[in-house]
Amino acid sequence: MASARVPEFYLHKRAHVAEYPPPPGTEIDETLHKSAEQKTGLIAGNTITLNEIQKDRITKIAAANWAISRDGTLKTAFSPSLVDEIYRTELLVTTGRKSIDLHRVMVLEVSQYLENYLWPNFDPENSTVDHVMSIILMVNEKFRENVPAWRCFHDREDAFEGFLRRVLSLKQQGRSLNIAEKTNYLLFMIHAFQSLEDEIVRGTMLKLVHLQLWHSLSYGRFQMELCLHPQLIKKWKTMVKKEAKEARKTGESSDPRDKLEVKFLPMLIEEFLETDEHCNRMSASVLDASEENLESRIHH
């Protein structure tokens, strides 16, 4: 008998629960804290015991490298190579149908890998692709567990836009992503677009659905949009003049289609279609949520 399919409503909306804790004293139905997969039994058995955590080699690595000492500092200096090694040996999936090794991600989440090691030591200019992908996986895990995902990023708000820009330009950073990485990347983008209530996420993500996205339209479709939305013609002309002035001032390319904010969403749709060709390797929940999210982006 085929397993029950997760209702799309839960898949699309569940992430928001993590960001809005109920007021003190509010009676809560405990079933609301369970993920859609847990409610339907799709991930039964994906649990981890305290004994397993204590015996895991990651726990020992965490204790030696990112456990916080009494004075609030790390016991050892940050090692970029350790981040790369953990990603390659513990997080990166290269075979099989799953996009993550859930057990390894869960142990790293318990150890506060993101809060104590990945994010405090992230450098928008110099951190590796593996470092960026590690943060992506840990954020996805927080959403899966239905806990606040963006809280630790507020400790370094000045670096967050740089992190998101690294995420947006990931395909241009000298390493191709495999199908599992592409799946995790798409899931992260879904979570980001669904987190516009968080100001540090909203500031960057809304630029991707701004009016300048029309630069990527074909000439015929662009003319049609102007006819359908005549109230935007004046705003469009003002924006184009401003872009041309900024281009002359900075000496950058005068073609607005070269901007990351203009080309990212079309690239993301192409990425989704490419990943969709391998949908037999993806979970149905990720595929359905990706389709729904991309559709909403196109309509808006």
Sequence neighbours excluded, which residues qualify as side chain to side chain donor-acceptor pair (under 3.5 Å) partners of [X]?
X: T238; value: none
X: T49; value: E52
X: S111; value: W66
X: H103; value: none

In terms of ring plane angle, is the pair [X] and [Y] parallel, tilted or perpendicular, where the classes change at 30° and 60°?
X: W119; Y: F122; result: parallel
X: W150; Y: F188; result: perpendicular
X: W214; Y: F222; result: perpendicular

ILVMFWY network linking [X] to [Y], side-chain heavy atoms under 4.5 angstrom:
X: I269; Y: L177; result: yes
X: I200; Y: V167; result: yes
X: V105; Y: L82; result: yes
X: V240; Y: M224; result: no

Which residues pass the side chain to side chain contact (heavy atoms under 4.5 Å, CB included) test with [X], not counting sequence neighbours?
X: A63; value: none
X: P80; value: F78
X: S169; value: Q172, Q173, L260
X: I233; value: L226, P230, K237

Check [X] against [Y] and note the closest heavy-atom contact, atom names and distance.
X: H131; Y: V83; result: CA-CG1, 3.8 Å
X: M138; Y: E109; result: CE-N, 3.4 Å
X: A192; Y: M205; result: CB-CE, 3.8 Å
X: N121; Y: R156; result: N-NH1, 4.3 Å
X: I135; Y: F163; result: CG2-CZ, 3.4 Å
X: P266; Y: L213; result: CD-CD1, 4.0 Å

Query - Within residues 85-95 or reaching into it, pairs that qualify as side-chain hydrogen bond (donor to acceptor under 3.5 Å, both in side chains) - sequence neighbours excluded - result: R57-E90, Y87-E181, R88-D130, E90-R104

Could you grab the distance from atom [atom1] of [X] to atom [atom2] of [Y], nearest 0.5 Å is fine?
X: Q223; Y: S218; atom1: CD; atom2: OG; value: 10.0 Å
X: D84; Y: L92; atom1: CG; atom2: CG; value: 11.5 Å
X: L114; Y: C152; atom1: CG; atom2: SG; value: 4.0 Å
X: I100; Y: T183; atom1: CD1; atom2: OG1; value: 10.5 Å
X: N65; Y: T76; atom1: CG; atom2: OG1; value: 4.0 Å

Report task. Output the rest of the hydrophobic cluster of M267: all Ile, Leu, Val, Met, Phe, Trp and Tyr residues reachable through side-chain heavy-atom contacts under 4.5 Å, sorted by chain and number. Result -> none

May I ask you to test the [X]-[Y] pair for a side-chain heavy-atom distance under 4.5 Å?
X: I86; Y: Y113; result: yes
X: S99; Y: V93; result: no
X: K182; Y: N178; result: no

Report task. Keeping to residues at least two apart or across chains, list the salt bridge (Lys or Arg N to Asp or Glu O under 4.0 Å) pairs with something in residues 110-125. Result -> E115-K142

**Report entry** Charged N-O contact under 4.0 Å between E141 and R144
**Finding:** yes

Requested in this report: Inspect the contact between K207 and E161 and indicate whether a charged nitrogen and a carboxylate oxygen are less than 4.0 angstrom apart.
Outcome: yes

Requested in this report: Decide whether E157 and H154 meet the rule of one side-chain donor and one side-chain acceptor closer than 3.5 Å.
Outcome: yes

Query raised in the report: side chain to side chain donor-acceptor pair (under 3.5 Å) with H215: which of K259, E243, K263?
Result: E243

**Report entry** salt bridge (charged side-chain N to carboxylate O under 4.0 Å, His left out) against E225, all qualifying residues, sequence neighbours excluded
**Finding:** R221

Report task. Please determine which of L265, L164, L268, L168 meets the side chain to side chain contact (heavy atoms under 4.5 Å, CB included) test together with L208. Result -> L168

